[in-house]
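Worksheet: the structure to be examined is printed underneath.
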Amino acid sequence: MENILDHFKNPRNYGKIEEYDAFFEGGNPICGDMVRMYIKLDSAKKSIQDIKFEGKGCAISQASASILTELVKGKSIEFVSNLTKETLINELGIELSPTRLKCAILSLETLKMALFGKDFKLT
Ligand code: FES
């Protein structure tokens, strides 16, 4: 939980990229919380050169977005395409109820929508 609170209070990679290659605003309709992901790719369009997020909402959704940006920055698109809910949840390091699970995966859904549109299956 300490890790979550630290990321919530001091989010990493918070902000916007003006000249992004991919962007999506994801939201949780149940609570109205939201996460926006801005992604800049390398010149070969194969990896994530830079990533930033903005958002508002509960500690878990926002901390998860912060943790996710740290996890994928500099990594290949393929890495993101293979990234599962489980991996992100392990990074969060806490037990989650089904409702909180929605909070935790909002960032991952948003990132995958930004990069792959509707053609991905969240696993
Ligand atoms: Fe809204 Fe967590 S309560 S995403």
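Atoms within a ligand are numbered from 1 in the order they appear, just like the ligands themselves.
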At a non-hydrogen distance cut-off of under 4.0 Å, which region of R100 contacts ligand 1 (side chain, backbone, both, or neither)?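 Looking at R100 and ligand 1, just side chain atoms fall under 4.0 Å.
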
Below 4.0 angstrom from a heavy atom of [X], which ligand 1 atoms are there? Numbered from 1 as shown, please.
X    : result
C103 : 2 (Fe), 3 (S), 4 (S)
N28  : 4 (S)
D33  : 1 (Fe), 2 (Fe), 3 (S), 4 (S)
S61  : 4 (S)
C58  : 2 (Fe), 3 (S), 4 (S)

Hey, is NZ on K102 packed in by over 12 heavy atoms from elsewhere, all under 6.0 Å? no

Could you establish whether I60 and ligand 1 come within less than 4.0 Å of each other, counting only heavy atoms on the residue side? no

Taking both backbone and side-chain atoms into account, decide whether C31 has an N/O/S atom under 2.8 Å from atom 2 (Fe) of ligand 1. no

For T110 and S107, test the side chains for any donor-to-acceptor distance below 3.5 angstrom and give the result as yes or no. no

Given the rule that I, L, V, M, F, W and Y join up when any side-chain heavy atoms are under 4.5 Å apart, are I51 and L71 in one cluster? yes

Is there a path of hydrophobic side-chain contacts, each under 4.5 Å between heavy atoms of I/L/V/M/F/W/Y residues, joining L115 to I105? yes

Under 6.0 Å from the six-membered ring centre of F116 and within 45° of its axis: does the NZ or CZ of K112 meet both? no

Aromatic centroids of F53 and Y14 separated by under 6.0 Å: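 So the answer is yes for these two rings.
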
